[in-house]
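Each ligand, and each atom within it, is numbered from 1 in the order the structure gives. In what follows, every heavy atom counts, from backbone to side chain, and hydrogens, waters and symmetry copies are set aside. Numbers for residues simply follow the sequence, beginning at 1. These figures come from a predicted structure and were not determined experimentally.
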Amino acid sequence: MITKIEELLKTVQEAAPKSAAEVEELRIRILGKKGELNALMEEFKSVPAEQKRELGQKINLLKQTAQERINALKEELSAAAATSAEKVGDMTRPAAASADGTRHPISIVKNQIVDIFSRLGYTVAEGPEIEDDWHVFSALNFPLSHPARDMQDTFFVEKRSNEPNVKDLLLRTHTSSIQVRAMEHQKPPIRIICPGRVFRNEAISYRAHCIFHQVEGLFIDEGVSFADMKQSILYFAKELFGETATIRMRPSYFPFTEPSAEVDVSCNLCGGKGCNVCKGTGWLEIMGCGMVDPNVLEASGIDSKKYSGFAFGMGVERIAMLKYGVKDLRLYFENDVRFLHQFDDAL
Ligand code: PHE
């Protein structure tokens with residue numbers, strides 16, 4: 001009997017149940033009504049009197065040890081269950097929203113502009129930021145030593161000589177270079193929209209930066225007229241600034257378009273009455289445009305007798321400033337999250 005008690009004691013001490021059900025099994029086996037302990041008590045009755053003291057103590061020890069061990073095991077398991085439940089949490093709760101990044105206001109406005117022209121059948125074209133003189137200037141009817149080149153202060157990457165050269169490498173000053181590449185490689189009809197980063201060696205101020213973004217467009221087909229251009233730009237202005245927007249065109253000059261115009265949109269902040277954003281005029285300047293100069297078509301191998309077209313170009317920062325009433329263009333480059341978060345819902 002004594003060895004039996006000692007065996008049971010060992011079983012209890014070494015038991016390593018993995019679940020509450022296994023602990024319960026152990027409890028029933030040792031402490032249950034029909035368990036080992038009660039069987040021992042039964043046997044104890046017929047033990048000779050001189051052994052009763054020693055055996056009685058052993059049985060009591062077994063009982064106590066079994067109870068303590070089983071209680072401890074129960075606690076351990078329920079504590080472990082609680083921490084894993086804490087980790088998983090409430091499985092039915094909706095997942096916490098992850099803090100996704102949001103679009104930069106310049107991307108938002110660029111996408112809006114691109115979307116509007118996509119609806120008119122324009123497709124997006126892209127090109128290199130480091131360009132050669134030919135695609136940025138010469139092919140666009142800027143003669144090699146023409147003062148019009150000074151309209152855009154250029155960052156040069158590689159100069160071939162002191163004089164302007166069609167092979168000079170430079171940072172593109174406008175995305176019109178993409179339009180030249182399109183005209184070289186595609187046959188009309190061409191209907192493209194050209195978003196991209198451009199670079200000009202200008203002093204940084206509230207209204208100018210040496211890096212900014214443009215969206216330019218080009219439409220070439222048979223019989224394209226100034227009226228087509230006006231209507232397309234009016235549609236664009238209404239889509240971007242609202243149904244009540246109107247436009248006006250003022251004569252202007254660009255080497256690659258003839259005639260050329262500057263487009264103003266009615267000031268959406270004061271409704272045309274005059275405010276400090278439109279400087280009391282009721283109008284905001286939004287883009288340059290014009291009919292593609294026949295020289296430009298010919299330079300890229302397009303028959304100017306058969307085809308005509310129009311082009312336009314705008315600065316995304318400027319449009320975004322007008323649309324959101326932002327007074328300092330530098331804010332778009334500082335990326336202060338307090339500024340950027342104001343555009344979270346502007347998608
Ligand atoms: N490329 C001109 C600029 O950067 C904008 C423009 C494009 C004007 C097309 C007329 C036609 O200033």
Side-chain angles (χ1 to χ4, degrees), residues 106 110 113-114 117 120 122 124-129 131-142 146-155 170-183 190-202 207-220 224-226 228-234 236-237 247-265 284-297 299-300 302 304 307-319 321 329:
I106 294 304
K110 182 203 78 184
I113 298 170
V114 168
F117 283 103
L120 290 175
Y122 286 72
V124 172
E126 286 178 333
E129 291 181 345
E131 261 292 6
D132 51 33
D133 175 285
W134 173 257
H135 292 96
V136 175
F137 292 125
S138 297
L140 286 163
N141 204 30
F142 288 80
H146 193 281
R149 284 170 184 252
D150 296 342
M151 284 167 72
Q152 303 180 356
D153 296 303
T154 309
F155 286 116
L170 41 88
L171 298 182
R172 68 181 177 201
T173 55
H174 52 185
T175 57
S176 304
S177 52
I178 303 174
Q179 308 179 7
V180 175
R181 287 185 179 273
M183 287 187 283
I190 297 173
R191 206 185 310 215
I192 51 166
I193 191 90
C194 313
R197 246 186 343 175
V198 298
F199 308 84
R200 290 186 196 179
N201 190 1
E202 287 192 38
R207 57 193 297 269
H209 207 288
C210 54
I211 302 175
F212 60 101
H213 299 78
Q214 276 191 332
V215 177
E216 297 211 354
L218 174 71
F219 179 30
I220 299 176
V224 176
S225 70
F226 198 95
D228 295 327
M229 176 171 79
K230 231 167 129 178
Q231 196 56 38
S232 305
I233 293 174
L234 177 63
F236 164 74
I247 57 165
R248 71 174 185 187
M249 287 180 170
R250 287 174 289 110
S252 185
Y253 170 76
F254 299 102
F256 34 90
T257 48
E258 182 58 38
S260 306
E262 211 76 62
V263 182
D264 297 340
V265 64
L284 302 164
E285 187 188 318
I286 56 165
M287 66 167 95
C289 66
M291 300 306 291
V292 182
D293 192 302
N295 285 349
V296 173
L297 296 175
S300 297
I302 293 176
S304 64
Y307 296 105
S308 59
F310 63 79
F312 52 87
M314 66 197 105
V316 182
E317 279 79 0
R318 175 155 179 84
I319 302 275
M321 282 170 86
L329 182 143

Worksheet item: When rounded to the nearest 0.5 angstrom, what distance separates CZ in F219 from CD1 in I192?
Response: 12.0 Å
Worksheet item: Are R248 and D264 close enough for a salt bridge, meaning some N to O gap below 4.0 Å?
Response: yes
Worksheet entry | F256 contact mode with ligand 1 (heavy-atom cut-off under 4.0 Å) | side chain
Item to complete: Determine, using ring centers only, whether F155 and F199 are less than 6.0 Å apart.
Response: no
Discussion item. Geometry only, no angles: is T173 polar-contacting ligand 1 at N/O separations under 3.5 Å?
Written reply: no
Item to complete: Look at R207 together with E317 and state whether they make a salt bridge at an N to O cut-off of under 4.0 Å.
Response: no
Worksheet, complete the sentence: Value for CG (L329) from CE (M321), rounded to nearest 0.5 Å, stands at 5.0 Å
Worksheet item: Counting heavy atoms only, which part of Q214 comes closer than 4.0 Å to ligand 1: side chain, backbone, both or neither?
Response: side chain
Worksheet item: Evaluating non-hydrogen atoms only, which member of F212, F310, F312, F254 is closest to atom 9 (C) of ligand 1?
Response: F312
Item to complete: Name the closest protein heavy atom to atom 5 (C) of ligand 1, giving the residue it belongs to and the distance to 0.1 Å.
Response: E216 OE2, 3.5 Å
Worksheet item: Can we call the ring centroids of F254 and H174 under 6.0 Å apart?
Response: no
Response to the item:
Near A311 (heavy-atom distance under 4.0 Å), the atoms of ligand 1 are 9 (C), 11 (C)
Discussion item. Need the ligand 1 atom indices (1-based, order shown) with element for anything under 4.0 Å from a heavy-atom of S176.
Written reply: 1 (N)
Fill in: C289 contact mode with ligand 1 (heavy-atom cut-off under 4.0 Å)
backbone
Practice prompt. Using a strict cut-off of 4.0 Å, indicate which atoms of ligand 1 neighbour a heavy atom of R200.
Written response: 3 (C), 4 (O), 12 (O)
Worksheet item: Does T257, backbone or side chain, put an N or O under 3.5 Å from an N or O of ligand 1?
Response: no
